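In what follows, a structure is listed as structure tokens, so that the remarks can point back to it.
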Amino acid sequence: MEENGSCKVSVIIPYVNEKIYIDDCLDSLEDQTCRDFEAVVVCDHSSPESAARLRDRRVSFPLTILELAGSRTGAAAARNDGVRRSRGEYILFLDCDDYLEKTALAELLQCAAGDAALIQCGLRETWYGRAVYYGNGVELDARNNEPVSVQREGLELSVLGRMIRRDYLEGLDCTFDESYRYYTDLPFVAELLAGQGKSVSTEKILYLKRRRNDPVQLPSLSQIPDETGRIREMLRAYRQMKELLRGEEGKRLDHGFICYFARHIAPWFVTAEGTEAEEVYGQFSECRLLLSEEAVERASSHDRKLIRYASRHGAVQIARRLRRAETRHTLAKVIRSRAAAKKYLYHKVFLGMKLRKDTIVFESFLGRSYSDSPRALFEYLSRHFPGRYKCVWILNRKRELPFPAKCIPRYSFRYFYYVARAKYFIFNNRQSRDFVKRDGMVFLETWHGTPLKKLALDLGEVMASAPLTKRDVYRHACEWDYLIAPNPFSADIFRRCFLYQGVLLKTGYPRNDMLHLEEGRRGRRVEAVRRVLGIPEDKKVILYAPTWRDDEYYAPAKHSFCHQMDFRKMRDGLASEYVILLRTHYYVAEKLELSEYSGFVYDVSAYDEIAELYLLSDLLITDYSSVFFDYANLRRPILFFTYDLDKYRDILRGFYMDMEEELPGPMLFTTEEIIDAVENVDQLQAEYQERYQLFYEKYCGWEDGRASQRVVDAVFGREQERAK
């Protein structure tokens, strides 16, 4: 900063309560190689706690915190106030959920040398914060088909990534129009471009625009469900921009408007109400008169035909045309695609058929196995209510079941038939996106573990699934009638992380009933599993059950697994007494090559029921998998191989508990430590006895072998009462 208080760049940051983003934003300023700048954060009616947190933050650069006063709100008002209070020779607008490359200010200033009024850099969208982005975010974005950079032209005009010389801005007397909510950038940037100031640009990506992955709790403006409001604003903005822009800029603007009409306005007419639709059509007609015929001619064939049709026909006719086109498109897909034919029958035929009130559909881990709590509930119902219910199991591999049931593959014709007509659904993961929950259907979500790692809407980054998984999780949870909690800890978390409002069954997990069998039945089951797997009678069993890593995957729910345990060293140190059962997470898509360790390491990842492996094993080694909460029911030793603890806790997921304080066994970081722990397992068990008891009481207190009974009584007893 110079003595007179001026500086080269003022960075203006509007802020509401997005505390999960602002740290990355300010950290990116902290790391700037150029130090001749200030930051002005304008709080848009932020909570007192959020604003106080900002004021308490220590930074090495000048930071001013302002508050919007009165009823003024929105990014436009915040930016206007920020500009008025700033002192920089140049202005750069930075959204609080975005961040800059560390050389951004220096390189923009270098580009600005001379008389440039507008300096533009490359902008890239990403789903990730700085820690992940600079680790492997570029690769992860590529898997999500994100563009390398965002091309901004036509109606894509944005102030972000543009540095503006202050005297040019003041000479134009250009401010943001505070009557805009969604498209405040458009008329502002159009006015800047119309001023004919010298523009320079660099293609280098210096601005990282972060896309928000939680449109439920913290939506961006573009994620707020207000398509009508956005369309009305866009029509107004287009008219305003056309008054300002001519020549090539005007042509790009027209092209952008035609694309916007085809992608947003025309489809909106299909569902819009009559009076409102006619009002919007009237506004569109005014805009149509401003379109150049050259732009119409240069549009794609589809867009050109649609805009010309819309010039001669009203909103009702446009909607009718699009419905007919969609019908033709759907029928063409049905003819060409078996998958499309199944979904067509599901929506047009099966969903119109009467519900079968005695039918239950079961699914475990997306049809991959006959296991877990759905299996326990199926067997309990079949044993205690024989013949009362018709049971259907979704199983991708056909197998013999101990009780009568239909087995159908996921996404087969029969699958769509039964999921359209069954009254009851019992599953341990989220339901398929293709499900339509009909009136009278009952969804029982058993879930599949006590959460150690952050889950659903509590997650920060979403790396392993589709970026908007949080939105889908919330939609699905709204359809669950019942959700099982295994302990009080999980009950509290499930309410919050799913925003769950339905009936929470505080029963314990039905899948863990097996762990409380009397000794005789347990022993017979163990011997049967040992024979099936071919485990020698004279060997003790270590169950190694690691979880998946969010950043190691080929596609959503298809993960790789880079095991860090040295099986050669494990074999050399323990093979005389032990064998290892390796159980990878069901998300792991690859089959590991373990032939070198034949007779010592057994890959049991495809074995249906992990609870039977618990019974067989003498001790468990895991990392951050929820398996140890269930295994603790047996009160047997547990070791934790947490070689990547810092990364998993601080970047990938985060935890709900303090592992160092609560885990009922030691945290180990090398294969040598594991071998030593196994050789001294009795001593370790004695050392952790008190902590293990506290852990057992907190997390296993509801488990007593009768969870299935409690769930069935609660769900089916209640539904039968309602039917009377």
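Keep in mind it's a predicted model, so treat the numbers as computed, not measured.
V316 is listed as a side-chain neighbour of R320, based on a closest heavy-atom distance under 4.5 Å. Using a 4.5 Å heavy-atom cutoff, the side chains of I13 and I22 are in contact. L291 is listed as a side-chain neighbour of Y238, based on a closest heavy-atom distance under 4.5 Å. Residues I164 and L118 meet the side-chain proximity criterion, which asks for heavy atoms closer than 4.5 Å. Looking only at side-chain heavy atoms (C-beta outward), L29 and V59 stay at 4.5 Å or farther from each other. Inter-residue side-chain proximity for S86 and R166 is flagged as met; some heavy-atom pair is nearer than 4.5 Å. Taking 4.5 Å as the limit, every side-chain heavy atom of F188 sits out of range of all side-chain heavy atoms of L157. You'll find the side chain of H255 reaches within 4.5 Å of the side chain of C259, heavy atoms only.
Side chain of E18 to main chain of V16: a donor-acceptor pair is present (N/O by atom type, distance under 3.5 Å, no hydrogens or angles). A donor-acceptor pair is defined here as one N or O able to donate and one able to accept, closer than 3.5 Å; no such pair exists between the side chain of K333 and the backbone of A340. Put simply, the side chain of Y281 gets close to the backbone of A310: a donor and an acceptor are under 3.5 Å apart. Using modelled atom types, no side-chain atom of E38 and backbone atom of C7 make a donor-acceptor pair closer than 3.5 Å. Between the side chain of E233 and the backbone N or O of R230, no donor-acceptor pair lies under 3.5 Å. Remark: the backbone N or O of L459 is paired with a side-chain donor or acceptor of K470 at under 3.5 angstrom.
Taking CZ from R298 and CD1 from I258, the interatomic distance works out to 9.5 Å, rounded to the nearest 0.5 Å. Rounding to the nearest 0.5 Å gives a distance of 9.5 Å between CD of E67 and CG of D44. Atom-to-atom distance recorded for L290:CG and D254:CG is 8.0 Å, nearest 0.5 angstrom. Atom CD1 in I265 sits 5.5 Å away from atom CD1 in I231 (nearest 0.5 Å). Considering OG of S158 and CG of L186, their distance stands at 8.5 Å, rounded to 0.5 Å. Distance check: R53 CZ to S46 OG gives 11.5 Å after rounding to the nearest 0.5 Å.
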Begin from the C-alpha positions of W268 and V280 and carry the test side chain to side chain contact (heavy atoms under 4.5 Å, CB included) through to its verdict.
CA-CA 10 Å; W268 176 83; V280 169; 3.5 Å; yes
Could you go through Y134 and E101, starting from their C-alpha distance and side-chain angles, then the distance that decides it, and tell me whether this counts as side-chain hydrogen bond (donor to acceptor under 3.5 Å, both in side chains)?
CA-CA 10 Å; Y134 291 121; E101 291 281 6; 3.0 Å; yes
Where do E293 and R288 land on the salt bridge (charged side-chain N to carboxylate O under 4.0 Å, His left out) test, with the steps shown first?
CA-CA 10 Å; E293 281 306 308; R288 174 65 181 92; 3.2 Å; yes
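Closest non-hydrogen pair, G82 versus V40, comes out as CA-CG1, 4.0 Å. For the residue pair P215 and L468, the shortest heavy atom distance occurs at CD-CD2, 4.0 Å. The minimum heavy-atom distance linking C111 with I119 is given by the pair CB-CG2, 3.6 Å. When all heavy atoms of E107 and K204 are compared, the closest pair comes out as OE2-NZ, 2.7 Å. When every heavy atom of A78 is checked against every heavy atom of P14, the shortest pair comes out as CB-CB, 3.7 Å. Contact record, T33 with A106: OG1-CB, 3.6 Å, taken as the closest heavy-atom pair.
Summarising the local packing, NZ of K19 is surrounded by 12 or fewer heavy atoms from other residues, nucleotides or ligands at distances under 6.0 Å. Counting heavy atoms of neighbouring residues, nucleotides and ligands inside a 6.0 Å radius, atom CZ of F61 exceeds 12 of them. Other residues, nucleotides and ligands contribute only 12 or fewer heavy atoms inside 6.0 Å of the CZ atom of R85. Within 6.0 Å of atom CD in Q110, 12 or fewer heavy atoms from other residues, nucleotides or ligands are found, so the atom counts as exposed in its surroundings. In the displayed structure, K102 atom NZ is contacted under 6.0 Å by at most 12 heavy atoms of other residues, nucleotides or ligands. Heavy-atom contacts from other residues, nucleotides or ligands closer than 6.0 Å to CZ of R496 number more than 12. Shown here is R84, whose CZ atom has more than 12 heavy atoms of other residues, nucleotides or ligands within 6.0 Å.
Under the ring-ring contact (aromatic ring centres under 6.0 Å, His included) criterion, Y99 pairs with no residue at all, not counting sequence neighbours. The ring-ring contact (aromatic ring centres under 6.0 Å, His included) test applied to F261 returns F284, not counting sequence neighbours. Shown here are the side-chain contact (heavy atoms from CB on, under 4.5 Å) partners of K305, two or more places apart in sequence or in another chain: S301, R321. With sequence neighbours excluded, no residue satisfies ring-ring contact (aromatic ring centres under 6.0 Å, His included) with H45. Shown here are the ring-ring contact (aromatic ring centres under 6.0 Å, His included) partners of F93, two or more places apart in sequence or in another chain: F176. In this view, Q217 and D214, L457, L499 satisfy the side-chain contact (heavy atoms from CB on, under 4.5 Å) rule, not counting sequence neighbours.
Pairs engaging residues 6-36 under the ring pair (Phe, Tyr, Trp, His ring centres under 6.0 Å) rule: none recorded [sequence neighbours left out]. Under the salt bridge (Lys or Arg N to Asp or Glu O under 4.0 Å) criterion, the residue pairs touching residues 262-272 are R263-D303, with sequence neighbours excluded. Counting only residues at least two apart or in different chains, salt bridge (Lys or Arg N to Asp or Glu O under 4.0 Å) contacts with residues 266-282 comprise R232-E279. The side-chain hydrogen bond (donor to acceptor under 3.5 Å, both in side chains) pairs that include a residue from residues 187-201 are D115-K198, where partners are two or more places apart or lie in different chains. Contacts classified as ring pair (Phe, Tyr, Trp, His ring centres under 6.0 Å) and involving residues 203-226 (residues at least two apart or in different chains) are not found. For the side-chain hydrogen bond (donor to acceptor under 3.5 Å, both in side chains) condition, the pairs that include at least one residue of residues 171-183, sequence neighbours left out, are R72-E178, N80-E178, D177-S179, S179-R236, Y180-Q240, Y182-D226, Y183-Y260.
A salt bridge does not link R165 to E170: none of the charged side-chain nitrogens sits closer than 4.0 Å to a carboxylate oxygen. The pair R323-E326 does not meet the salt-bridge criterion, since no charged nitrogen lies less than 4.0 angstrom from a carboxylate oxygen.
Residues T184 and R79 have side chains that never bring a donor and an acceptor to within less than 3.5 angstrom of each other.
When each of K209, R212, R210 is checked for a side chain to side chain donor-acceptor pair (under 3.5 Å) with D97, only R212 meets the rule. Under the salt bridge (charged side-chain N to carboxylate O under 4.0 Å, His left out) test applied with R130, the options D98, D31, D24 reduce to a single match, D31.
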